[in-house]
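Worksheet: one structure, shown below.
Here is how names work: the chains are called A, B, and so on, in the same order as the sequence lines, proteins then strands, and each is numbered from 1. We use all heavy atoms of the structure for the numbers below, so side chains are in, but hydrogens, waters and symmetry mates are not.
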2 protein chains.
Amino acid sequence: MSHLETRQLRYFVAVAEEEHFGRAAARLGMAQPPLSRAIRELERQLGVQLLVRTTRQVSLTPAGRTLLEDARVALDAVAAAGNRARRVGTGRPALRLALKADYDAGLLPGILDAYDALPVELVLGGYLEQIVALREGRADVALVATTFDGRGLDSEPLITGPRVVALAASDPLAARTSLRLSDLAGRLLPNGMPAEQWFSGTTGGQYRPLDLSQIFNLIEVGSAVWFLPAWLAERTPRPGIAYRPLEGAEPVTLSVVWPAASRSTAVAAFVRVAQEAARNAGFPAVVAGTSL
Amino acid sequence: MSHLETRQLRYFVAVAEEEHFGRAAARLGMAQPPLSRAIRELERQLGVQLLVRTTRQVSLTPAGRTLLEDARVALDAVAAAGNRARRVGTGRPALRLALKADYDAGLLPGILDAYDALPVELVLGGYLEQIVALREGRADVALVATTFDGRGLDSEPLITGPRVVALAASDPLAARTSLRLSDLAGRLLPNGMPAEQWFSGTTGGQYRPLDLSQIFNLIEVGSAVWFLPAWLAERTPRPGIAYRPLEGAEPVTLSVVWPAASRSTAVAAFVRVAQEAARNAGFPAVVAGTSL
DNA sequence: CTCGATTGATACCGTAGCGATATGAGTCAC
DNA sequence: GTGACTCATATCGCTACGGTATCAATCGAG
């Protein structure tokens, strides 16, 4: 029984995700025939059929589905091993904190002030990049503002607040004291996504991310609305923008997240400091209906 | 930047564990020169020195130590991915329960009776084999009777009881109502290990395992003593053997353990059934000093 | 100090296996 | 039925992996 190689798993993940040999091969930067052969060899090695191929469709068998899940975890673990070793060997040690720009609710200065165990490097990125950075060992800890797939990750909540909607002050809807999602049907988010799709679990892969100032520009001129946590809205008052509570939306929790396998004392200390900072920040329970 | 392959990690783990290229090559079933070259290439890829070589000694750098740890985790994850896929694809589904023979505290029949989600396959093995089987995906859940390295594993306690010592009924020490570890200095355990080493964190790799009947034979004739959980002793009364409480020993907890990454409902159901069975078994809080 | 033993590095070679190109075969749309 | 699409097969070239032979450095014995 020969050993599995990460190359085989990478190839399989590509095909399984694309459900298409040609696209998977393109994504991997190789031709389709050797990819087909590699997958066939993988199936022979495992003694298991992973994919059902017709000439028009590629679909996963149950074994393929479990392998897809497990292979992603395994590939992350391999990448993390390399990244962590590379990092320990080169450069001075530092705690790498994955952060979404401006999403720290004002806690960051206090945390960095109080955290003296190690210098802190910031790894900026959106929600998905944060999680991937943790899984691949490119970040040690993250501040994350959404519910997330917690496989292999531990977290502690820091602060919680309702979700609010940001719209142009001149918008007719700004006259209302609170809004519902259905009020915003037909409006667009800053990234171009229809507002009513926001809570329906879209990946957003096809929508381009923007930075905060671009977002606020779009909102001010009335060409977009946006959903954001109240603790973020409080910190960014803008004359041309009105924030209104969004009824029926789940509250948003800012959490500190780290790999469950981590036994780093530096990470543990950071978590403690962050929790302390959140308590001291004294976020009041924001009452729904408060005008921000 | 090229990708890490499991072959590179396997080679590195072998060299790092042996701290010797020749022995590592032998263990891998290959010649030494290509192994040296592979490690050098791995260091080049990571841009980090992993090993310090002199002609007489190979030792790990800090980066090498972290890579050794992470690589073992990653290799386990890869192996688990393959094993789980192989298993899902072939044969009927079953819950594979890793078990140390006779260590179920009598809970097993009740659990198997109540567990009807899936047929259950038993995977027998000692403590270490149980943990490895879970990590490599060869078992779904285990009943474990020792504290263990919980990295990547979740557990729930089932029952707890004091540790007792088993010795021949004719042994002079059997006249005492309770014993301390120091009373047993010079005695041997059934596997040949000196009794006083039992709690000093030995790996026991050099001592051969025995099955319960062999163990009890050795104890009956007075050539060995043994430490075991009270809930195991209760279930195996033997005329020629006396059980005495062991003062100063930690209580032993029987736990149900599973991979933290598992989201299998079959495993979750098993855990619930096992906890229920443990409650119903009505193990009384065993008072230290009780004669068994 | 010299010599042999030990151990990792270097040089060189044969080949397995990986990936590319060309082509075949099955299926669907029209 | 024909053309487009998609995966499988056939074949070839080359990379890179592993083996053998040898060198170089270190250490211990005498």
Side-chain angles (χ1 to χ4, degrees), chain A residues 1-61 63-65 67-68 71 75 78 82, chain B residues 1-61 63-65 67-68 71 75 78 82:
Chain A
M1 182 186 77
S2 183
H3 282 279
L4 282 184
E5 286 302 326
T6 59
R7 181 180 52 82
Q8 301 177 279
L9 296 183
R10 283 197 310 274
Y11 289 4
F12 174 75
V13 167
V15 175
E17 286 182 351
E18 300 285 348
E19 301 203 345
H20 191 290
F21 279 80
R23 281 195 299 274
R27 181 170 128 187
L28 292 165
M30 66 186 292
Q32 166 260 318
L35 179 58
S36 288
R37 200 178 48 189
I39 299 294
R40 185 162 290 286
E41 167 62 19
L42 175 63
E43 288 178 318
R44 193 202 59 74
Q45 234 178 314
L46 293 176
V48 158
Q49 186 168 5
L50 299 170
L51 300 169
V52 180
R53 302 113 157 124
T54 71
T55 50
R56 308 299 283 182
Q57 179 114 358
V58 174
S59 57
L60 292 166
T61 63
R65 271 189 295 276
L67 182 61
L68 174 58
L75 289 176
V78 171
Chain B
M1 183 186 76
S2 182
H3 282 278
L4 280 186
E5 288 301 326
T6 59
R7 181 180 53 82
Q8 302 177 278
L9 295 182
R10 283 197 310 275
Y11 288 4
F12 174 75
V13 167
V15 175
E17 286 182 351
E18 300 285 346
E19 300 203 341
H20 190 289
F21 279 80
R23 282 195 298 273
R27 181 170 129 187
L28 293 166
M30 66 185 292
Q32 166 261 318
L35 178 58
S36 288
R37 199 177 48 192
I39 299 294
R40 185 162 289 285
E41 167 62 17
L42 174 63
E43 287 178 318
R44 194 201 59 75
Q45 244 178 16
L46 294 176
V48 158
Q49 187 169 5
L50 300 169
L51 301 169
V52 180
R53 305 117 158 117
T54 72
T55 49
R56 308 300 283 182
Q57 179 113 359
V58 174
S59 56
L60 291 165
T61 63
R65 271 190 295 277
L67 182 61
L68 175 58
L75 290 176
V78 172

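- Residues Arg53(A) and Ile39(A) are in side-chain contact: their nearest non-hydrogen atoms beyond the backbone lie under 4.5 Å apart.
- Distance from the side chain of Pro33(A) is smallest to dT9(D) among dT9(D), dT20(D), dA20(C).
- Between the P atom of dG26(C) and the CD atom of Gln57(A) lies a distance of 19 Å, rounded to the nearest Å.
- Residue Arg7(B) contributes atom CZ, which lies 11 Å from atom P of dA16(D) at whole-angstrom precision.
- For Val58(A), the listed nucleotide lying nearest its side chain is dC7(D); candidates were dC7(D), dA22(C), dA9(C).
- Atom CZ in Phe21(A) sits about 10 Å away from atom C1' in dA8(D), given to the nearest Å.
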For Leu51(A) and Thr61(A), what are the C-alpha separation, side-chain angles and deciding distance, and is it a side-chain contact (heavy atoms from CB on, under 4.5 Å)? CA-CA 6 Å; Leu51(A) 300 169; Thr61(A) 63; 5.9 Å; no

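- Of the side-chain N and O atoms in Ser36(A), one or more sit less than 4.0 angstrom from OP1 or OP2 of dA8(D).
- For Ala31(A), whose side chain is taken as the heavy atoms from C-beta onward, the closest listed nucleotide among dT21(C), dA21(D), dG19(C) is dT21(C).
- Under the side chain to side chain donor-acceptor pair (under 3.5 Å) test applied with Gln45(B), the options Gln8(B), His3(B), Arg40(B), Glu5(B) reduce to a single match, Gln8(B).
- In this model, the phosphate group of dT27(C) is not approached by any side-chain N or O of Thr54(A) to a distance below 4.0 Å at OP1 or OP2.
- Rounded to an integer number of Å, the gap from CD of Glu5(A) to P of dG19(C) is 12 Å.
- Among the nucleotides dC7(D), dG26(C), dT20(D), the one closest to any side-chain atom of Arg53(A) is dC7(D).
- Atom CG in Leu35(B) sits about 9 Å away from atom P in dG18(D), given to the nearest Å.
- Glu41(B) has its CD atom 15 Å from the C1' atom of dG18(D), to the nearest Å.
- Computed from coordinates, the Arg37(B) CZ to dT7(C) P distance equals 22 Å when rounded to whole Å.
- Atom CD of Gln32(B) is separated from atom C1' of dC17(D) by 15 Å (rounded to the nearest Å).
- Between Val52(B) and Val58(B) there is no side-chain heavy-atom pair separated by less than 4.5 Å.
- Residue side chain Arg56(A) does not reach the base of dG26(C) through any donor-acceptor N/O pair under 3.5 Å, judged by distance alone.
- Using a cut-off of 4.0 Å between Lys/Arg side-chain N and Asp/Glu carboxylate O, Glu17(A) and Arg23(A) are scored as not salt-bridged.
- Between Pro34(B) and His20(B), the one whose closest nucleotide on DNA chain C sits nearer the 5' end is His20(B).
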